[in-house]
Amino acid sequence: MGTTFHSHHQTTKPRYFFMKKLIPWTLYIILPLALLHLYLFPLSPSPPPNSTSTTISDSSSSFTATTTTAAAASSSSSSSQEEVADELSQQPPSWPPCNYSDGRWVPHSGEPLYRGTSCKTIKEGQNCMAHGRPDTGYLHWRWQPQHCPLPPFDPAAFLRLIENKHLAFVGDSMARNQLESLLCLLATASEPELVYRDGEDNKFRRWLFRDWNATVSVLWSPFLVKGDEKQEALGLNYNTLYLETADERWAAEVEAVDVVVFSFGHWYLHSAIYYENGVVLGCHACPEFNHTEIGFFDVFRKAVKTAFGEVSRRYGNADKLVVLTTFSPAHFEGEWDKAGACPKTEPYKQGEKEMQYMDALMRRIEVEEAAEAEKGGGRVKFEALDVTEMALLRPDGHPGPYMHPNPFANGGGGGRVQNDCVHWCLPGPIDAWNEIFLQIVRRWKKSEGK
Ligand SMILES: *[C@@H]1O[C@H](CO)[C@@H](O)[C@H](O)[C@H]1NC(C)=O
Ligand SMILES: *[C@@H]1O[C@H](CO)[C@@H](O)[C@H](O)[C@H]1NC(C)=O
Ligand SMILES: *[C@@H]1O[C@H](CO)[C@@H](O)[C@H](O)[C@H]1NC(C)=O
Ligand SMILES: *[C@@H]1O[C@H](CO)[C@@H](O)[C@H](O)[C@H]1NC(C)=O
């Protein structure tokens, strides 16, 4: 992927990029505006206050295979849990790691570890199977790294790795999408117990895997830095960001967290005014203001630096792991509001789809900043979970129209069908992000000798 990116980069300079305003603006403004509600997720009605916790604790699932695993896993002595962990640690511990991002999607006849019908914590909009998505081919691909094996996700091993630890996902709806994949994967070994919830549409939630005293949480922070989200209902149709200050909603919690996964970026495509140290730095997609258009790439880099700086400051030299999941490309084709806006049912072949300038640059910023932070990180480990290329190859993995139940019932309403070509079906390709994430956590624990 490196060569593709570099050649692309050399021919597409930022100046050229901003001169070509019309094209990017169509892409980066109209589309995101139209999709804003996806990120704000008002589409699925919030469940009644007690419903999630009751369904979560209802373990009377008829999913025999997983209940067996669960029983085995939770009743197993810690020595057999060690075995599971040891099994995964055949390869010698190494840092820097094997490049899991260098690989391809290969056909796989096996079944996903979980089903939409068996996992209780899938957000409505990503529950493609339950919403009537007819094709199942997208479930039968595995990510195969070029130079190292990627073992299938082992839920008991993962829980063992985060025993007595707190793992937090921080960011936007992509962070939540990855969290929900992980919860479904882990739930096949042990039911998560929802122990805390707060915020509109449960933007702040925490689960406990009691047998392992393992805590997993999600914290909403679409910019990672301090910011005011646009509120169209109030006529506020741009975001305001304060680039030098981390968002206190996660920063205040992070000291108690052992493993942080940041995942964000899509909100940076929206109209925004940027402040730094009390001064307006410029804005993006802001014709109504007399501020300089500065795009969002430099600003995004500053935000990553601020977030990493904040965790470094708060963690000091503690044994912590900070992961940044890289930007995940959208796959809209044709008109975003028409049926089949991401109609593909198979992955792209390698080299079939060139990465867009924006996706490539967002990823590059994240990879570079993670490497930079790792250099000075001491015992705090920083690593990019580089999923951009593997995500790019999976146009078939999005809910598309199946973000809603049975979108084509009654002839599809005869008009516009809303499509989600940003988030991922569960189960789906995003489960592979967590297979790699497991390896990152495992290596971190080995390197720290824990
Ligand atoms: C939620 O649970 C609490 C405690 O179990 C109970 O007192 C309350 O009535 C429940 N609320 C609803 C809406 O079911
Ligand atoms: C991993 O491989 C990908 C794809 O070849 C490449 O783009 C990336 O730069 C590599 N990462 C590292 C850390 O070498
Ligand atoms: C349980 O996990 C938390 C981290 O989430 C840790 O602080 C605490 O010490 C653990 N409790 C025990 C008994 O190990
Ligand atoms: C916009 O800013 C420029 C440069 O600061 C200034 O010359 C101009 O008068 C401003 N226009 C308005 C409408 O405020």
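Ligands are counted one by one from 1 in listed order, and the atoms in each one are counted from 1 as well.
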Next on the checklist: As an exercise, identify every atom of ligand 3 less than 4.0 angstrom from a heavy atom of His166.
Outcome noted: 5 (O)
Checklist entry - Within the structure, does Asn164 bring an N/O atom to less than 3.5 angstrom of an N/O atom in ligand 3? => result yes
Next on the checklist: Students often mix this up, so state it plainly: with edges at 30° and 60°, are the rings of His398 and Trp424 parallel, tilted or perpendicular?
Outcome noted: parallel
Result block: side-chain N/O donor-acceptor pairs under 3.5 angstrom for residues 143-150, not counting sequence neighbours:
unit_1	atom_1	unit_2	atom_2	d
Trp143	NE1	Tyr100	O	2.7

Checklist entry - Which residue pairs pass the salt bridge (Lys or Arg N to Asp or Glu O under 4.0 Å) test with at least one member in residues 423-432, sequence neighbours excluded? => result none
Item to check | Between Phe437 and Phe158, ring centroids under 6.0 Å | outcome: yes
Checklist entry - Can Glu244 and Lys226 be said to form a salt bridge (Lys or Arg N to Asp or Glu O under 4.0 Å), step by step? => result CA-CA 8 Å; Glu244 80 287 0; Lys226 183 179 168 205; over 6 Å; no
Checklist entry - Does an N or O anywhere in Asp386 fall below 3.5 Å from an N or O of ligand 2? => result no
Next on the checklist: Within the protein, is there a heavy atom lying under 4.0 Å from atom 5 (O) of ligand 3?
Outcome noted: yes
Checklist outcome for this item: Closest to atom 1 (C) of ligand 2 by heavy-atom distance, out of Thr388, Val367, Asn99, Asp102, is Asn99
Checklist entry - Which of these, Met355, Arg363, Glu389, has its nearest heavy atom closest to atom 8 (C) of ligand 2? => result Arg363
Checklist entry - So which heavy atom in the protein is nearest atom 12 (C) of ligand 3, and how far is it from that ligand atom? => result Asn213 ND2, 3.4 Å
Checklist entry - Is the closest basic N to carboxylate O distance between Glu366 and Arg363 below 4.0 Å? => result no
